[in-house]
Amino acid sequence: GIEGDWKDIGIPPTLPTVPGHEIVGKIVSFGAENNRHDYSNNHLAVGDLITWSVVANCGSCIFCSRGLPQKCDTHFKYGHKKHNSEEPWVGGLAEYILLVHGTKVFKIPEGLSLEVACPANCTTATNVAAFRVAGNLAGKVVLIMGAGMLGVTACAMAKFYGAKLVIVCDTNEKRLIKACEFGADHSTLPAGLSDVVSNLTVGLGVDIIFELTGSPVAFENVFESVGIGGKIILVGSVFPSAPVYLIS
């Protein structure tokens, strides 16, 4: 169940709730004073398909001013809020959602599939931020730790941005197969990671590592794979876990 899954990753349950944070919806009505344009100033009308930011933010607190709206002091996060009578529709699995102030809305262009649009404001956006930090990937060797939704998306984006070689590592062989379908050149279970990296890079190590699992063991193991001058981008470390150790 939802409660069990959240407990497994260390997130306190917020039940009762309506889950769902990667969402596409169809506009059925507007509030009397609501804006009729999306974040990119496209006109909105009843019947339009839209997606929106996972987090609604105030726009004025210290975190918003630093370009971190997802850490807003008064943020509202769809699919994660506890149900109450004042905010009854809080997640994407509800039949209707009442968008709160501070939500960034985007009209979905014609021809863009729902499969692409739905994760745009979570999985895709998270990867875009990570790749921005990583910098130029042209001709680089990239290691992606984790082949879940973030990982397979990262495989596709790494190839799009010109990575010479994309290696993906996961404990689930079915996920590894899917990651290769999304663009990974080589896949490996954790036990074989060191040998795969050594063989493919002639012992030099990889240039860029995206750590997308949040596992302390995975975090510690990536240091054996990164080359001199390489980068490790931590994306998965978003929930409480056991301490990790950095060994020189």
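- A perpendicular orientation is assigned to the rings of His21 and His80, their planes being inclined by more than 60° (bins at 30° and 60°).
- Asp48 CG to Ile27 CD1: the interatomic distance, rounded to the nearest 0.5 Å, is 5.0 Å.
- His101 places a side-chain heavy atom less than 4.5 Å from the side chain of Asn34.
- Residues Glu173 and Leu189 meet the side-chain proximity criterion, which asks for heavy atoms closer than 4.5 Å.
- Of the options Tyr39, Trp52, Tyr78, a side-chain hydrogen bond (donor to acceptor under 3.5 Å, both in side chains) to Thr103 is made by Tyr78 and by none of the others.
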Verdict with reasoning, Arg175 to Val152, per side chain to side chain contact (heavy atoms under 4.5 Å, CB included): CA-CA 8 Å; Arg175 286 186 170 194; Val152 297; over 6 Å; no

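- The two residues Gly31 and Arg36 come nearest to each other via the heavy atoms O-NH1, 3.5 Å.
- You'll find the side chain of His37 stays beyond 4.5 Å of the side chain of Leu44, heavy atoms only.
- The two atoms that bring Gly146 and Thr213 nearest to each other are CA-CG2, 3.5 Å, heavy atoms only.
- Counting heavy atoms from C-beta on, the side chains of Ile144 and Ile167 never come closer than 4.5 Å.
- Distance check, rounded to the nearest 0.5 Å: OG of Ser29 to OH of Tyr96 gives 9.0 Å.
- Leu143 CG to Phe210 CZ: the interatomic distance, rounded to the nearest 0.5 Å, is 10.0 Å.
- Distance alone, capped at 3.5 Å, places no donor-acceptor pair between the Thr123 side chain and the Pro119 backbone.
- Heavy-atom minimum distance, Gly91 versus Ile97: O-CD1, 3.1 Å.
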Stepwise side chain to side chain contact (heavy atoms under 4.5 Å, CB included) check, Leu176 with Lys174: CA-CA 5 Å; Leu176 292 176; Lys174 290 184 178 179; over 6 Å; no

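- Applying the salt bridge (charged side-chain N to carboxylate O under 4.0 Å, His left out) test to pairs two or more places apart or on separate chains, those with a residue in residues 178-200 are Lys159-Asp185, Lys178-Glu181.
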Salt bridge (charged side-chain N to carboxylate O under 4.0 Å, His left out) assessment of Asp38 paired with Lys107: CA-CA 6 Å; Asp38 73 357; Lys107 184 176 180 178; over 6 Å; no

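- Not a single donor-acceptor pair under 3.5 Å links the side chain of His75 to the backbone N or O of Asp73.
- A distance of 9.0 Å separates CD1 of Ile177 from CG of Asn172, quoted to the nearest 0.5 Å.
- Considering every non-hydrogen atom in both Ala154 and Asn127, the closest pair reads CB-OD1, 3.4 Å.
- Summarising the geometry, atom CG belonging to Asn57 is positioned 13.0 Å from atom NZ belonging to Lys71; distances are rounded to the nearest 0.5 Å.
- Under the 3.5 Å distance criterion, the side-chain polar atoms of Ser40 are left unmatched by any main-chain donor or acceptor of Asn42.
- In this structure, the separation between SG on Cys118 and CD1 on Ile23 is 7.5 Å, given to the nearest 0.5 Å.
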Worked check of side chain to side chain contact (heavy atoms under 4.5 Å, CB included) between Glu22 and Asn121: CA-CA 7 Å; Glu22 295 185 325; Asn121 281 305; over 6 Å; no

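- Applying the under-4.5 Å side-chain rule to Ile, Leu, Val, Met, Phe, Trp and Tyr, the cluster around Val55 extends to Val54.
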